[in-house]
Amino acid sequence: MNRCLPCLLSAMLVLAACQREERETRPQSALGSGDQPAAVTALEPGGQRPTSSDNKAGVFEANAFHLSEGKRLFNWFNCSGCHANGGGGMGPALMDQKWLYGSSIESIHATIRDGRPNGMPSFRDTIPDDQIWELAAFVRALSGNAPSSAAPGRDDDMMPHPSENRLPDAATLGKSP
Amino acid sequence: MSRGVWTMCWCTACILLLAGCSGWQSALDPKGPAANELAWLIWFFTALCTVVWLLVMAVLIVPLARRPAPVGDPLVLDAAAERSKMRIVVAALAATALILVGLTLLSYFANRTLAAIGSDAALTIRVTGHQWWWEVRYENDQPNRILTTANEIHIPAGEPVRLVVTSTDVIHSFWVPNLSGKLDVIPGHENVLDLKADKPGVYRGQCAEFCGAQHANMSTFIIAEPRPVFDAWLNDQLRPAAAPVSAEAKTGHDLFLKRPCVMCHKIGGTIAGGTVAPNLTHIASRQTLAAGTLTMSRGNLAAWIANPQGIKPGAHMPVVRLDGDELNAIVAYLEGLK
């Protein structure tokens, strides 16, 4: 009995490692971007969170699969054309801590979905809603706002900046403990 | 069981096994010089090794089956018998060395033949592996004659063709067993594969390196045609996409450009210019959909667009929200892109 107990305990510990995050690779076709009500105003002064009829922040924000999908789509959809790998160019930088329209995932989702004045186009019809959430989650990761356990690892090709999971945590950056 | 029944069973098993050697996607049914060379090599290796194995087994079994000779005095040396035993061992050793060197040489010369196949290839095709489809690009000195298509590789029959294979994501492997050996498809690296199809025909190829969820549904087809047919095909494919004819197809064209399709796919002659998904300029002229997963038909097109994740779970094509009329219109448009 005395010998069994440590074995049992270590087996339980090992089994705990089997828990895996949910990967929703089959989104429901019924939910697209078309079912979102259009915002009456595109401005949220002070970064007030826009209310969304279908808020998926909780599902997407800290999910490694969705974050890495967001990273892939960021390249595929040529976000770098204006935001230059997050460094900023024609569009604002995404890797700093300045947020013109709020840093929450809901705000970023609204920015991509509805567009913003002075250049940011609306992708309401051209990107499925789940992919907008993935992009929004990744944009937060670009400035260290995603948990490092979930943020994407290094690129396969040349990297313009350290991989997202190596960025300093935005919440504690510049503050003494 | 009687002897006759056993013989019957053996014969049936042999026939079934041999059936695997012929036809559709088999390395033992070569249709080109590269595959010929490899098939000849594998048959020769197998035959020779079988003979050697049988000889070794015979040498082992015969003394076991024989009545053992009476053991004499071990201290008395029979010089003549020792010499003859020595000769047998040396002869076996020499035969082994000879066979190994011979097989190495054969393999070396086969490799030389493979390398020489494409040395005068007039056509270079760049094949890029993606999760989970093949991008096919016909290189040309004139930029307006460079053709990009997907999953189907048309080649002129009887002419050597050079394939430059690379990948954008993970390691794949390009393998068309009837025409050549397999070659790894590596991101950031170009490998060269030369092949030739002796006769016109359709030869199926398959990704041969596990590359993710839909590895099994990542096939390609090499379609070998007589030169004039190939040239006509190439010129046809170089044209921009056909303009929609019917009102429904026209609606589909407009929808395609307004919906998520436009983000990834390219249709020549429209503003759709995405390069991360298969080029759809002449999609209806291809024989299959989704890298050989479905045959090309209006129904399969609609099924694929309506729920790609149901047909090929994990593929990068997302589920797009379309109502019935929109789906029909887009399918009508794509169906016209011959």
Checking B:Asp323 now: which residues fulfil side chain to side chain contact (heavy atoms under 4.5 Å, CB included) with it, not counting sequence neighbours? B:Asp325, B:Glu326
Decide if atom CZ of B:Arg298 counts as having more than 12 heavy atoms of other residues, nucleotides or ligands within a radius under 6.0 Å. yes
Report the distance from atom CZ of B:Arg259 to atom CG of A:Asp125, rounding to the nearest 0.5 Å. 5.5 Å
Dump the intermediate steps for side-chain contact (heavy atoms from CB on, under 4.5 Å) on B:His316 and A:Arg72, then the final yes or no. CA-CA 10 Å; B:His316 289 319; A:Arg72 178 174 62 78; 3.2 Å; yes
Spacing of A:Ile127 atom CD1 and B:Cys264 atom SG [to the nearest 0.5 Å]: 9.0 Å
Against chain A, residues from residues 124-146 of chain B with at least one heavy atom under 4.5 Å, in numeric order, are none
Cut-off 4.5 Å, heavy atoms of chain A, and the answer for B:Val262 is side chain
Got a second to check how far A:Asp130's CG is from B:Arg321's CZ, nearest 0.5 Å? 12.0 Å
Taking atom OG1 of B:Thr275 and atom CG of A:Asn78, what is their separation to the nearest 0.5 Å? 9.5 Å
